[in-house]
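Worth knowing before you read on, the calculation uses all heavy atoms, side chains too, and leaves out hydrogens, waters and symmetry mates. Start at 1 with the first residue, then count along the sequence. Predicted model only: the values in this text are computed from it and were never measured. Counting convention: from 1, in listed order, for ligands and their atoms alike.
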Amino acid sequence: MTNEVLVRPAVTADMAAVQAIYAHHVRHGLASFEDDPPSLDEVIRRWRDVVDRDLPYVVAEQGGEILGYAYAGPYRTRPAYRYTLENSVYVREGLQQRGVGRAAMRVVLSECAARGYRQMIAVIGDSANEGSIRLHERLGFARVGLLTAVGFKFGRWVDSVLMQRSLGEGEKSPPLR
Ligand SMILES: CC(C)(COP(=O)(O)OP(=O)(O)OC[C@H]1O[C@@H](n2cnc3c(N)ncnc32)[C@H](O)[C@@H]1OP(=O)(O)O)[C@@H](O)C(=O)NCCC(=O)NCCS
């Protein structure tokens, strides 16, 4: 057993832990606008969709235990958006504020920059999601917008906070491929 947090590419065997982490946040939080947690099969399908696009999906592990995960997917599917991604990051309840989210996201950001992507968007459920807003600020994201009351969950309207940061040279040069 080691105390070091290791961030590594996720494999199928990690998906049960990922499903459990996400299910908690779906049931109890406003970060995700899903009402019902996806099944393990659906979580595996979503993971495959990410890796089939050659995009990073990582888990943070300590002593064999999965503490959290992060990945990037397409922001929107129309072709002009192809250098822009949207990220997701979730940390197991009770293990937050220990640097896990930051460690996982740093790897996702550098992997995406290395693949030539130029912009990353975070669509954060709930204006009061201090943890996610702070994490993204710390990672160099700027708040670029607020979509007011676009969600309805737990009997109330919920905002989406939009945050953005550039990857690599951002808009300073044309894309490489
Ligand atoms: C948001 C989330 C991923 C952050 O991960 P984390 O491992 O707790 O964050 P880290 O420990 O890496 O913290 C990064 C920074 O954010 C700050 N932070 C994290 N949670 C915070 C909170 N609840 N309130 C205030 N600041 C917080 C940390 O103090 C740190 O800032 P610092 O550099 O000033 O010390 C995690 O809280 C989570 O899973 N939340 C529920 C789901 C969610 O909101 N996901 C994001 C969807 S976009």
Could you find the nearest protein heavy atom to atom 3 (C) of ligand 1 and give me its residue, atom name and distance? Val89 O, 3.7 Å
Cationic N near anionic O, under 4.0 Å, Glu86 to Arg76: no
Contact partition for Gln97 relative to ligand 1, non-hydrogen atoms under 4.0 Å: both
Starting from atom 18 (N) of ligand 1, which protein heavy atom do you reach first, and at what distance in Å? Arg134 CG, 3.9 Å
Can you tell me the protein heavy atom closest to atom 39 (O) of ligand 1 and the distance? Val91 N, 2.8 Å
Closer than 4.0 Å to some heavy atom of Arg102 - which atoms of ligand 1 meet that? 12 (O), 14 (C), 30 (C), 32 (P), 33 (O), 35 (O)
Between Asp52 and Arg45 (salt bridge meaning N to carboxylate O under 4.0 Å), is one present in this structure? no
Looking only at distances, can you tell me whether any N or O atom of Arg98, backbone or side chain, sits closer than 3.5 Å to an N or O atom of ligand 1? yes
Flag the pair Arg8 and Asp14 as a salt bridge only when some basic side-chain nitrogen lies within less than 4.0 angstrom of an acidic carboxylate oxygen. yes
Ligand-residue contact atoms, ligand 1 with Gly99, heavy atoms, under 4.0 Å: 10 (P), 11 (O), 12 (O)
So if I count the atoms of ligand 1 from 1 in the order they appear, which ones are less than 4.0 Å from some heavy atom of Ser132? 1 (C), 44 (O), 46 (C), 47 (C), 48 (S)
So that I can tick it off, tell me whether Glu137 and Arg102 are bridged by a salt bridge, with the cut-off set at under 4.0 angstrom between side-chain N and carboxylate O. no
Nearest protein heavy atom to atom 44 (O) of ligand 1, by residue and atom, and its distance? Asn129 ND2, 2.9 Å
For atom 2 (C) of ligand 1, what is the nearest protein heavy atom, given as residue, atom name and distance? Leu135 CD2, 4.3 Å
Would you please classify the geometry between the Tyr57 ring and the Trp47 ring as parallel, tilted or perpendicular, with 30° and 60° separating the classes? perpendicular
Tell me whether ligand 1 is touched by Ala122 - counting only heavy atoms on the residue side and a distance under 4.0 Å. no
Any idea which atoms of ligand 1 are less than 4.0 Å away from a heavy-atom of Val100? 7 (O), 12 (O)
State, without any angle test, whether Tyr75 and Gln119 hold a side-chain donor-acceptor pair at a distance under 3.5 Å. no
What I want to know is whether Gly101 and ligand 1 share at least one N or O pair that is separated by under 3.5 angstrom. yes
Without hydrogens or angle criteria, can the side chains of Thr84 and Tyr117 be said to hold a donor-acceptor pair below 3.5 Å? no
Pair Asp54, Arg115 - check salt bridge (Lys or Arg N to Asp or Glu O under 4.0 Å), show working. CA-CA 9 Å; Asp54 191 30; Arg115 287 163 170 74; 3.4 Å; yes
Are Arg118 and Glu171 within salt-bridge range, i.e. N to O under 4.0 Å? no
Check the orientation of His28 and His24. Use parallel for under 30°, tilted for 30 to 60°, and perpendicular for over 60°. tilted
Atom 34 (O) of ligand 1 [closest protein heavy-atom partner, distance rounded to 0.1 Å]: Arg138 NH2, 2.7 Å
Can you tell me the protein heavy atom closest to atom 21 (C) of ligand 1 and the distance? Gly131 CA, 3.3 Å
Just to confirm my output: which protein heavy-atom neighbour is closest to atom 40 (N) of ligand 1, and how far is it? Gln96 NE2, 3.4 Å
Go through ligand 1 atom by atom and flag the ones less than 4.0 Å from a non-hydrogen atom of Glu130. 24 (N)
Verify salt bridge (Lys or Arg N to Asp or Glu O under 4.0 Å) between Asp126 and Arg156, making sure each step is shown before the conclusion. CA-CA 11 Å; Asp126 192 16; Arg156 72 163 174 92; 3.5 Å; yes
